[in-house]
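This report concerns only the one structure given below.
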Amino acid sequence: QVRLVESGGGLVQAGGSLRLSCAASGRTFSSSAMGWFRQAPRKEREFVAGISRFGGTTYYSDSVKGRFTISRDNAKNTVFLQMNSLKPEDTAVYYCAAVSAVLPPRTSREYDYWGQGTQVTVSS
């Protein structure tokens, strides 16, 4: 069992930065691949970034590549999403997710555990 709690969302102007955190409870964090997803109003949940069990492999969606960076600290049971050069189209609720796997899937249905989400709003 893994419990995930996101934090760090908020309101930021276009071009600004935010750093999201996802704190995990449970002893299985270091054996879990982690992902960040987002869901904007009236849109489907979409993959943003993923990181492998020990952090050696990362994946990004084309829309955030070069602007967002995912990382993890297994000693602190935390995964991060550094978001730079934010755009209004990045506005969404951001969720972190965990799955007992080495590599992070890009599809939401493959994840076992989800956080409650944190709102990110980027104003133009």
Side-chain angles (χ1 to χ4, degrees):
Q1 190 84 13
V2 178
R3 182 171 177 262
L4 305 173
V5 179
E6 302 96 334
S7 62
L11 174 63
V12 64
Q13 288 189 333
S17 298
L18 282 174
R19 188 190 195 205
L20 304 184
S21 299
C22 174
S25 63
R27 292 184 288 179
T28 59
F29 179 77
S30 61
S31 64
S32 300
M34 302 295 295
W36 284 98
F37 289 76
R38 67 186 181 187
Q39 188 166 16
R42 298 174 298 281
K43 292 190 176 181
E44 292 188 356
R45 190 170 297 189
E46 64 172 352
F47 174 81
V48 174
I51 189 165
S52 61
R53 183 180 294 179
F54 296 114
T57 300
T58 56
Y59 301 143
Y60 298 94
S61 67
D62 289 343
S63 61
V64 307
K65 196 174 297 182
R67 300 188 297 124
F68 290 11
T69 302
I70 188 171
S71 61
R72 67 189 295 163
D73 184 339
N74 284 356
K76 296 182 178 179
N77 280 11
T78 304
V79 62
F80 305 97
L81 185 68
Q82 177 67 44
M83 306 187 295
N84 299 329
S85 302
L86 283 161
K87 305 175 181 180
E89 51 263 44
D90 294 319
T91 295
V93 177
Y94 283 71
Y95 300 89
C96 72
V99 60
S100 181
V102 174
L103 297 176
R106 293 177 180 263
T107 53
S108 59
R109 65 178 180 272
E110 296 187 63
Y111 285 82
D112 300 315
Y113 304 103
W114 291 85
Q116 83 289 347
T118 186
Q119 177 70 47
V120 171
T121 303
V122 184
S123 63
S124 56

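As a basis for the values below, the full set of heavy atoms in this structure was taken, side chains included, without hydrogen atoms, waters or symmetry mates.
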Problem - Heavy-atom donor-acceptor pair, Asn74 side chain to Arg53 backbone, under 3.5 Å - result: yes
Exercise for the section: Report whether Phe80 and Val12 are members of the same hydrophobic cluster (ILVMFWY, side-chain heavy atoms less than 4.5 Å apart, transitive linking). Expected result: no
Practice task
Just do the salt bridge (Lys or Arg N to Asp or Glu O under 4.0 Å) check on Asp90 and Lys87 with the steps written out, would you?
Solution key: CA-CA 5 Å; Asp90 294 319; Lys87 305 175 181 180; over 6 Å; no
Exercise for the section: Using atom types as modelled and distance alone, determine if a side-chain donor or acceptor of Arg72 lies under 3.5 Å from a backbone N or O of Ser52. Expected result: yes
Exercise for the section: Indicate if Val64 and Phe37 have the same hydrophobic cluster label, given that clusters are the connected sets of ILVMFWY residues with side-chain heavy-atom separations under 4.5 angstrom. Expected result: no
Handout entry: Evaluation steps, side chain to side chain contact (heavy atoms under 4.5 Å, CB included), between Met83 and Val120
Key = CA-CA 10 Å; Met83 306 187 295; Val120 171; 3.9 Å; yes
Handout entry: ILVMFWY network linking Trp114 to Val79, side-chain heavy atoms under 4.5 angstrom
Key = no
Handout entry: Within 45° cone and under 6.0 Å: Arg67 NZ/CZ vs Tyr60 ring
Key = no
Completion exercise
Here the gap from Thr118 atom OG1 to Gln116 atom CD, rounded to the nearest 0.5 Å, amounts to 7.0 Å
Handout entry: Non-hydrogen side-chain atoms of Thr57 and Leu103 separated by less than 4.5 Å
Key = yes
Practice task
Would you check, one step at a time, whether the test side chain to side chain contact (heavy atoms under 4.5 Å, CB included) holds for Arg38 with Ser63?
Solution key: CA-CA 12 Å; Arg38 67 186 181 187; Ser63 61; 3.4 Å; yes
Exercise for the section: To the nearest 0.5 angstrom, please state how far the OH atom of Tyr59 sits from the CD1 atom of Ile70. Expected result: 11.5 Å
Problem - Glu6 (side chain) donor-acceptor with Gly117 (main chain) under 3.5 angstrom - result: yes
Problem - ILVMFWY cluster, Leu18 and Leu4 together (side-chain gap under 4.5 Å) - result: yes
Handout entry: Side-chain donor/acceptor of Thr91 to backbone N/O of Val122, under 3.5 Å
Key = yes
Fill in the blank from the handout: One should read off an interatomic distance between Asp62 CG and Phe47 CZ, to the nearest 0.5 angstrom, of 10.5 Å
Problem - Contact check, side chains of Cys22 and Trp36, non-hydrogen atoms, under 4.5 Å - result: yes
Exercise for the section: Please check if Tyr94 and Met34 belong to a single hydrophobic cluster, counting links between Ile, Leu, Val, Met, Phe, Trp and Tyr side chain heavy atoms closer than 4.5 Å. Expected result: yes
Problem - Nearest-0.5 Å distance that lies between atom OG1 in Thr69 and atom CG in Leu81 - result: 8.0 Å
